[in-house]
Amino acid sequence: MSPQTTPIADAAQDLELSERILAPDGSRTPNARLDSYVADVDAPRLRALHRDMVILRRIDAEGVALQRQGQLGLWAPCQGQEATQIGTARALDPQDYVFPSYRETGVIYARGAQPGDYVRMWRGEEGAAYDPAALRVAPLQIIIGAQTLHAVGYALGIRHENAPEVAVTYFGDGATSQGDVNEAMIFAASYQAPVVFVCQNNHWAISEPVAVQSQYPIAGRAPGFGIPSLRVDGNDVLACMAAMRWALEHARSGKGPAYIEAVTYRMGPHTTADDPTRYRDEAELEAWRRRDPIARVEAYLRASGELSEEHVAETQAAADAVAKEMRAACLGMVTRPPLAVFDGVYAEPHTGLQRQRDEYAAYLASFEGEA
Amino acid sequence: MTELTLGKALGAGLRQAMLDDEKVVLLGEDIGKLGGVFRITDGLLAEFGAARVIDTPLAESGIVGMAVGLAFRGYRPVVEIQFDGFVYPAFDQIVSQVAKLHYRTQGRVKMPITIRIPWAGGIGAAEHHSESPEAYFAHTAGLRVIAVSNPEDAYRSLRQAIASDDPVVFFEPKRLYHHKGEVDLEAPLADAPPMGLARIVRPGTDATVLTYGAMVSTALQAAEAAEDEGIALEVIDLRSLSPVDYDSVAASVRKTGRVVVVHEASREAGLAAEVIASVTERCFEYLESAPLRVTGHDVPYPPAKLEKYHLPDLDRILDAVDRVLDRPHSLTGADV
């Protein structure tokens, strides 16, 4: 076999190789492996998941708008990934602890983020967007894959305490190329840590297609580390929730780590600084529009006679209200005073930094009284 | 008082820290049954069990990243990096995560992690086993950097580092692991001088020699030799490289007016440059001559047979002392 310089990954991109409950047209197909995990999800619960996804899409759109209007330095859109984020995050127990990447807007929404929490970091007011203890979510992580190790370390602590908790980490397909993610899987397997890995395979790591990262379905790697895995249709909110419940049950019952690859698609740019028209086809985008995770649930609920116009209108109103609060929180943010740049570097006094702070304070004071 | 080697003092410090706080856990390669490649953790697995003395896979970034997660959970992880040159794979986790999480979260997340690094050269080791990476860490906001030079300091400073709510990169000069000294194992930690303070190892009036780690011994030898020539050198062990105790340093420089900084790390953008810049800012009017550096050369750490030409020795320190004192060059006899 000749050396191959251009990776191909037909298997990695074959969507039929993933577990599904709701087909793209909204029809429900029996899934012997997953159905039992979502047997309790009746129409009201599914409408709640639909509502979450609609609100998340609205939050995401508002984030993009705020960036375009100069209110945010950057935004990392998650449009298209609503089912993965809502489906998995709504399966968590309150005491579970999440270690996300920067794109997990839907996860922090599901964990109870407040309107300002979506934008505080992107606006540049603080390094972390929210109180990690309140949400039980670590700060959004920008270094690719670093958080996966943190989740495993946290899970090791859970295991030592025999606590009924699970650590969960989210990362993208690009992160699976990182050493840290592979080290995390080794450590997790070695210590049988109660951790769930959620790979959101959204097909693109900025301009690099998943084919560059993987020649084989990413979920297929986990068993090599001794970690059971599931590959699910990431645009199917029921499949995502079912897979997460399977993974959480596995980890919580002392069987060690579990791994989910949710095959989804990032509809927008990597961030608002990115231009995806330079590297991907409109045809590909169009194909994924037909797999929209929200439209899929709507089609299913409509066909079942469970989607009233009242629900649609109420959901849209709720989404608009959240976006309005988010905008108000963003515009209302008050930047801290200059000396706050020194706050919180150390937990205990550091004489070197204290001296710099004093010098800068004196410098600033020298302008007092000037016009 | 008990006579211990520096290595045994570190082991005693770890043990005491684990007794003091059950949230202290150790992580590292070979630290369990083997007791660490330098035997610093010898006996701790048997005493505290595998949940607190955790042998890890061979992945430095993984070890430090795990420590971050444990700190999120309320633990005080103590990481052993097997050798100085092996810390680089963990550099990202140390400078991007350990150092920054407190700042990013406005203090809501604490990273009381101690990263122990068997450090520096002079033992004839293989490549990557004799590095002096301290400047990388001293340059990183959010970290504290400690370098010990004797058993008493090692025992006390390590416990202080572990008790600190800040992350500490803790350098242990492996050349001194077998050096013995008196250690007061019973002294209450609360009565000890703070971790960040420098220490006057030998008082003197003619010039100040600032150094740390294994170079403290070399500087003391130089001071004894200088005394034969009627020169009284004040030798200061910095002990803390972030923050540097400039109050103590400046007090000495105002007394002597002359400064030599010694370290075995390379010169360019090293600790000595920073220390001299800061001393000059604070004490310019007291200086009688330009401060000088005696350091390793700006080369990769050389092969073992050449390391004696790289490491500052007694003669190179005395040569610099002559220069800052405007004395005839002791080696060449030439005026300077």
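Worth knowing before you read on, the calculation uses all heavy atoms, side chains too, and leaves out hydrogens, waters and symmetry mates.
- Heavy atoms closer than 4.5 Å to chain B are found nowhere in A/Val181, neither backbone nor side chain.
- A/Phe99 and B/Phe72 have their aromatic ring centers within a separation under 6.0 angstrom.
- At a 4.5 Å heavy-atom cutoff, the contact between A/Arg136 and chain B is made by side-chain atoms alone.
- Side-chain contact check for B/Tyr246 versus A/Arg355: some heavy-atom pair is nearer than 4.5 Å.
- Contact of the A/Phe187 side chain with the B/Thr56 side chain is registered, since non-hydrogen atoms from C-beta on lie closer than 4.5 Å.
- Counting heavy atoms of neighbouring residues, nucleotides and ligands inside a 6.0 Å radius, atom CD of B/Glu47 exceeds 12 of them.
- Only the side chain of B/Val109 comes within contact range of chain A, judged by heavy atoms closer than 4.5 Å.
- Put simply, OH on A/Tyr130 and OG1 on B/Thr105 are 11.0 Å apart, with the number rounded to the nearest 0.5 Å.
- Of the residues considered (A/Gly127, A/Gly153, A/Ala193), A/Gly153 shows the highest number of contacts with chain B, using heavy-atom pairs under 4.5 Å.
- By number of non-hydrogen pairs under 4.5 angstrom with chain A, the leading residue of B/Lys110, B/Arg52, B/Met66 is B/Met66.
- Of all the listed residues (A/Ile142, A/Thr148, A/Leu156, A/Asn182), the one sharing the greatest number of non-hydrogen pairs under 4.5 Å with chain B is A/Leu156.
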- request: Show your reasoning for whether salt bridge (Lys or Arg N to Asp or Glu O under 4.0 Å) applies to B/Arg73 and A/Glu161.
  value: CA-CA 11 Å; B/Arg73 185 79 189 173; A/Glu161 297 153 29; 2.7 Å; yes

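- With a threshold of 4.5 angstrom between heavy atoms, B/Asp245 does not approach chain A through any atom at all.
- Interface remark: B/Leu101 contributes side-chain atoms only to the contact with chain A (heavy atom separation under 4.5 Å).
- Smallest separation of non-hydrogen atoms from A/Gly352 and B/Pro243: N-CB, 3.7 Å.
- In this structure, A/Glu126 CD and B/Arg108 CZ are separated by 5.5 Å, a value rounded to the nearest 0.5 Å.
- Here A/Leu149 contributes atom CG and B/Gln93 contributes atom CD; the two are 5.5 Å apart, rounded to the nearest 0.5 Å.
- Between B/Arg104 and A/Pro139, the shortest heavy-atom contact is NH2-CB, 4.0 Å.
- Contact count against chain A (heavy-atom pairs under 4.5 Å) is highest for B/Pro57 among B/Gly107, B/Ala59, B/Pro57.
- Between chain B and the residues A/Thr351, A/Val152, A/Ile143, the most heavy-atom pairs under 4.5 angstrom are made by A/Ile143.
- Closest heavy-atom contact between B/Ile54 and A/Tyr191: CG2-OH, 3.3 Å.
- The shortest non-hydrogen separation linking B/Asp165 to A/Ala347 is CB-CB, 3.6 Å.
- For B/Tyr136, the OH atom counts as loosely surrounded, since its 6.0 Å shell holds 12 or fewer non-hydrogen atoms of other residues, nucleotides or ligands.
- When side chains are defined from C-beta on, A/Tyr346 does not count as touching B/Pro167, because their heavy atoms never get closer than 4.5 Å.
- In terms of heavy atoms, A/His160 sits closest to B/Ala51 at CE1-O, 2.9 Å.
- Across B/Ser61 and A/Asp180, no two heavy atoms sit closer than the pair OG-OD1, 2.5 Å.
- Heavy atoms of A/Ala133 lying under 4.5 Å from chain B are absent altogether.
- For B/Ser96, the part sitting under 4.5 Å from any heavy atom of chain A is the side chain, from C-beta outward, and nothing else.
- With a threshold of 4.5 angstrom between heavy atoms, A/Ala134 does not approach chain B through any atom at all.
- Counting heavy-atom pairs under 4.5 Å between each of A/Met121, A/Arg159, A/Glu165 and chain B puts A/Glu165 at the top.
- When B/Val244, B/Asp247, B/Val64, B/Asp92 are compared by the number of non-hydrogen pairs under 4.5 Å with chain A, B/Asp92 comes out ahead.
- The CD atom of B/Gln97 sits 4.0 Å away from the NE2 atom of A/His150 when rounded to the nearest 0.5 Å.
- Proximity of A/Glu348 to B/Ser164: side-chain heavy atoms (C-beta onward) are separated by under 4.5 Å at one or more points.
- No other option in B/Asp166, B/Val68, B/Leu70 has as many heavy-atom pairs under 4.5 Å with chain A as B/Asp166.
- To the nearest 0.5 Å, atom CD of residue B/Gln106 and atom CD of residue A/Glu125 are 11.0 Å apart.
- Residue B/Ser240 does not touch chain A at all, counting heavy-atom pairs closer than 4.5 Å.
- Neither the backbone nor the side chain of A/Ala167 comes within contact range of chain B; no heavy atoms are under 4.5 Å apart.
- For chain B, the nearby parts of A/Ile158 are the backbone and the side chain; heavy atoms of each come within less than 4.5 Å.
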